[in-house]
Engineer: 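Once you've had a glance at the structure underneath, I'll fire off some questions.
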Amino acid sequence: MKNHEIAALFERIANVLELKGENTFRINSYRKAARVIGDLTGDIEDLARAEKLTDIPGIGEGTAEKIVEYINTGKMSKYEEVMKGVSEETVALMQIPGLGPKTVAMLNRELGIASLNDLEKALQEDKLQGLFGIGDKKIENIVKGIELFKTSQQRISIGMAYPVVKRIIEGLRHNPQIRDIQAAGSLRRMKETIGDIDILVSGTEGTEIIKSFVNMRGVTQILAAGDTKGSVRVEEGVQVDLRVVREDEFGAALQYFTGSKEHNIHLREIAKKKGLKISEYGIFKGDKKIGGQLEDDIYKILGMDWIPPELRENRGEIEAAQAGKLPKLIEISDIKGDLHNHSNWSDGIPTFEEMARHAMKMGYKYLVVSDHSKSLHVANGLKDDELLEEIEEIDKLNKKFKGFTLLKATEVDIKADGSLDFPDKILEKLDLVVASIHSGFKQGKEKITERMIAAIRNPYVNIIAHPTGRLISKREGYEVDLDKVIEACAETGTALEINCFYDRLDLNDINCRKAKETGAMISISTDAHHLDQMWMIELGVGIARRGWLEAKNVINTFPPDKLKAFCKKKRT
DNA sequence: GCCGTTTTCGGCCCGACTGTTTTCAGTCG
């Protein structure tokens, strides 16, 4: 699948054209093309073969030709043409905050600066002084920008940002000057990584609110503290911005600061065609404000349904909302249990009983105990007889519970040759089987795909855990043909997992949507090794919502009997 | 480069801030 390669090429073309001062609308169309191709759920080569490329919004004749050229020859002449005389390093300079295309182009033209090294050297030698449009302040800002670029490039996982937001909102909620408080930005959209955290407040006495915000526990550095905006760094290393807006503007501001940028641009285009205007202050007809207190105002006035934040990525949600065809997204309250957890029998901390009590407190009807299997020595994987013993213990314990069941399971290793780490005659004694890959990551794509499909075809395997093996910003996943895996799951009645652990979030949103479209079921599970990790189910539900999933697509929304029937069906 | 319930040509999202200049370009979210 070449989707990401092609998207990256268009993104690079856009960056270089920007540096070269090309027409901004042309640049934006390359960016848009890059974005829609990156978001496609299908294979772009299939679309090219079917001559359907121009059906994709944002792809016209010109772009389609370039895609076809790349698919057929492995080259894109437009890309090679624009890259002449420009280095990637020069283009990368535009990522430094405060340096845009105009400044980078000017520095390159006047001083031959083509890399970060060149720029730092020129700064040391005071060479920027006296250039057109460059004053002392600008130089100071470039120095600061470089520092910022070096230190704070990384986005953090939503799992790290989420507790920070909860803490801040809890801490401020009781402040009498505050009427509404709500996280915005990519966190509200439940994106898997977060750049910085945006929190929006409506209320009077902005100065007072900001003051209590910047003096909160956990704040390590105050970056700004005015009367409408405060900005701090917290001990987790992330920047948090708090904005105070008027009550009658809260909805419009929330809509605006939630984004995504692409979603908002599309909405404003629609508004413009209707003779309206949207800004962070409201929705306007001429000079007259016709809405903005509620977020719903904006969508309603534009003639569409309110769109859940997780869908706001300009991936077709606006068209669906106009047609009244948005999915009824899964809610956290639909979840009846967690289907992947570890106890102190393998590498987890809690006992069975502690796990069960915690699950009941969360309102669950069932919880799966799925300890590791024997090959995974590092995780103290269970031997055959230990698993049989575990089954007996759980059976005994279950007699104590009413309206709740611990389900007997394993997270069985899919071994390097595709066989499973326990024989079928043991697996058949379990309520449910989770299977996953923990070894042989370096095998080729074909081999890994084969291994997985062999596991999927086993009649006892119900869930494939963390299907791609990626760890966010630590490790790429193993190579696997996920399309084939999804098809095999759909065909056999096997579920794919959204692993909720904050550095996994695997499947991701786009693959979830693909699974839904193909007809494969999903399990949302935490892979918790500790009771304090079971809350992460919220992250998984967020990813599921981003993947357009409804409760009916997710097996752990099923009541106990229906879940059991789902697992049994494969065995018959 | 894309796109069309005013358009096949002439548009293409909005507002704030900053630093530089002397009315505005560049950058950002």
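All values below were derived from every heavy atom in this structure, side-chain atoms included, with hydrogens, water molecules and symmetry-related copies excluded. Worth saying up front: this structure is predicted, and the values here are computed from it rather than measured. Residue numbering restarts at 1 for every chain, and letters A, B, ... go by the order of the sequence lines.
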Engineer: Between A/Gly100 and A/Lys78, which residue's closest nucleotide on DNA chain B lies nearer the 5′ terminus?
Structural biologist: A/Lys78
Engineer: Looking only at atom P, what distance separates B/dA16 and B/dG11, rounded to whole Å?
Structural biologist: 25 Å
Engineer: Give A/Ile27 one of three labels, base, sugar-phosphate or nothing, depending on what nucleic acid heavy atoms sit under 4.0 Å from its own.
Structural biologist: nothing
Engineer: When rounded to the nearest Å, what value does the distance between P atoms of B/dC12 and B/dT7 take?
Structural biologist: 16 Å
Engineer: Output the rounded distance in Å from NZ (A/Lys138) to C1' (B/dA25).
Structural biologist: 10 Å
Engineer: State which residue, out of A/Lys514, A/Arg315, A/Lys191, fulfils the side-chain hydrogen bond (donor to acceptor under 3.5 Å, both in side chains) condition with A/Asp509.
Structural biologist: A/Arg315
Engineer: Do A/Leu294 and A/Lys300 come close enough that some side-chain heavy atom pair is under 4.5 Å?
Structural biologist: no
Engineer: Using atom P in both nucleotides, what's the gap between B/dT21 and B/dT27 to the nearest angstrom?
Structural biologist: 15 Å
Engineer: For B/dG15, does OP1 or OP2 lie under 4.0 Å from any side-chain N or O of A/Lys277?
Structural biologist: yes
Engineer: So does A/Ser29 get a side-chain nitrogen or oxygen closer than 4.0 Å to the phosphate oxygens (OP1/OP2) of B/dC12?
Structural biologist: no
Engineer: Could you tell me the separation between the CZ atom of A/Arg35 and the C1' atom of B/dG1, rounded to a whole number of Å?
Structural biologist: 18 Å
Engineer: Could you tell me how far apart A/Gln95 (CD) and B/dT27 (P) are, to the nearest whole angstrom?
Structural biologist: 14 Å
Engineer: Taking the side chain from A/Asn3 and the backbone from A/Ile44, do they hold a donor-acceptor pair closer than 3.5 Å?
Structural biologist: yes
Engineer: Is A/Thr103 touching bases, backbone alone, or none of the nucleic acid, heavy atoms closer than 4.0 Å?
Structural biologist: sugar-phosphate
Engineer: What nucleotide among B/dG15, B/dT27, B/dC12 has an atom nearest to a side-chain atom of A/Tyr281?
Structural biologist: B/dG15
Engineer: Counting heavy atoms from C-beta on, name the nucleotide in B/dT20, B/dG1, B/dG26 closest to the side chain of A/Tyr30.
Structural biologist: B/dG1
Engineer: Between B/dC3 and B/dT8, how far is it from one C1' atom to the other, in whole Å?
Structural biologist: 9 Å
Engineer: I need the NZ-C1' distance between A/Lys274 and B/dG4, as an integer number of Å.
Structural biologist: 15 Å
Engineer: Are A/Lys273 and B/dT7 close enough that a side-chain N or O sits under 4.0 Å from OP1 or OP2?
Structural biologist: no
Engineer: Is there side-chain contact between A/Val240 and A/Phe213, with heavy atoms separated by less than 4.5 Å?
Structural biologist: yes
Engineer: Pick the closest DNA chain B nucleotide for A/Leu131 and for A/Phe284 by heavy atoms, then say which residue is nearer the 5' end.
Structural biologist: A/Phe284
Engineer: Give A/Leu267 one of three labels, base, sugar-phosphate or nothing, depending on what nucleic acid heavy atoms sit under 4.0 Å from its own.
Structural biologist: nothing
Engineer: If the P atom of B/dT6 is compared with that of B/dC2, how far apart are they to the nearest Å?
Structural biologist: 23 Å
Engineer: Which whole-number value in Å describes the distance from A/Asn23 CG to B/dG11 P?
Structural biologist: 13 Å
Engineer: Which pair of non-hydrogen atoms, one from A/Met216 and one from A/Arg167, has the smallest distance, and what is that distance?
Structural biologist: CE-O, 4.0 Å
Engineer: Is there a side-chain contact between A/Thr63 and the phosphate of B/dC2, meaning an N or O under 4.0 Å from OP1 or OP2?
Structural biologist: yes
Engineer: Which of these nucleotides, B/dG1, B/dG29, B/dG15, is closest to any side-chain atom of A/Ser279?
Structural biologist: B/dG15
Engineer: Between P on B/dG1 and CD on A/Glu18, what's the gap in Å once rounded to a whole number?
Structural biologist: 16 Å
Engineer: Rounded to the nearest angstrom, tell me the gap between atom NZ in A/Lys66 and atom C1' in B/dG1.
Structural biologist: 7 Å
Engineer: Looking only at side-chain atoms of A/Tyr256, point me to the closest of B/dG1, B/dC14, B/dC28.
Structural biologist: B/dC14
Engineer: Between B/dT18 atom P and A/Glu140 atom CD, what is the distance in whole Å?
Structural biologist: 13 Å
Engineer: Taking the C1' atom of each, how far is B/dG26 from B/dT20, in whole Å?
Structural biologist: 10 Å
Engineer: Which listed nucleotide (B/dG15, B/dG1, B/dT27) is nearest to the side chain of A/Glu280?
Structural biologist: B/dG15
Engineer: What's the shortest heavy-atom distance between A/Ala224 and A/Val214, and which atoms?
Structural biologist: O-CG1, 4.1 Å
Engineer: Checking base pairs now: Watson-Crick or wobble, both atom distances under 3.5 Å. What partners B/dC14?
Structural biologist: B/dG29
Engineer: Using a 4.0 Å heavy-atom cut-off, does A/Leu276 contact any base of the nucleic acid, only the sugar-phosphate backbone, or nothing at all?
Structural biologist: nothing
Engineer: Considering all heavy atoms of both residues, which atom of A/Leu267 and which atom of A/Ile278 are nearest to each other, and what is their separation?
Structural biologist: O-CD1, 3.9 Å
Engineer: Any base atoms under 4.0 Å from A/Asp136, or only sugar-phosphate, or nothing? Heavy atoms, all strands.
Structural biologist: sugar-phosphate
Engineer: Nearest to the side chain of A/Lys272, which nucleotide is it out of B/dG1, B/dC14, B/dT20?
Structural biologist: B/dC14
Engineer: Among A/Lys32, A/Arg35, A/Met76, A/Arg31, whose side chain to side chain contact (heavy atoms under 4.5 Å, CB included) with A/Phe10 holds?
Structural biologist: A/Met76
Engineer: Could you tell me whether the phosphate oxygens of B/dT18, OP1 or OP2, come under 4.0 Å of any side-chain nitrogen or oxygen in A/Asn141?
Structural biologist: no
Engineer: Any base atoms under 4.0 Å from A/Lys229, or only sugar-phosphate, or nothing? Heavy atoms, all strands.
Structural biologist: nothing
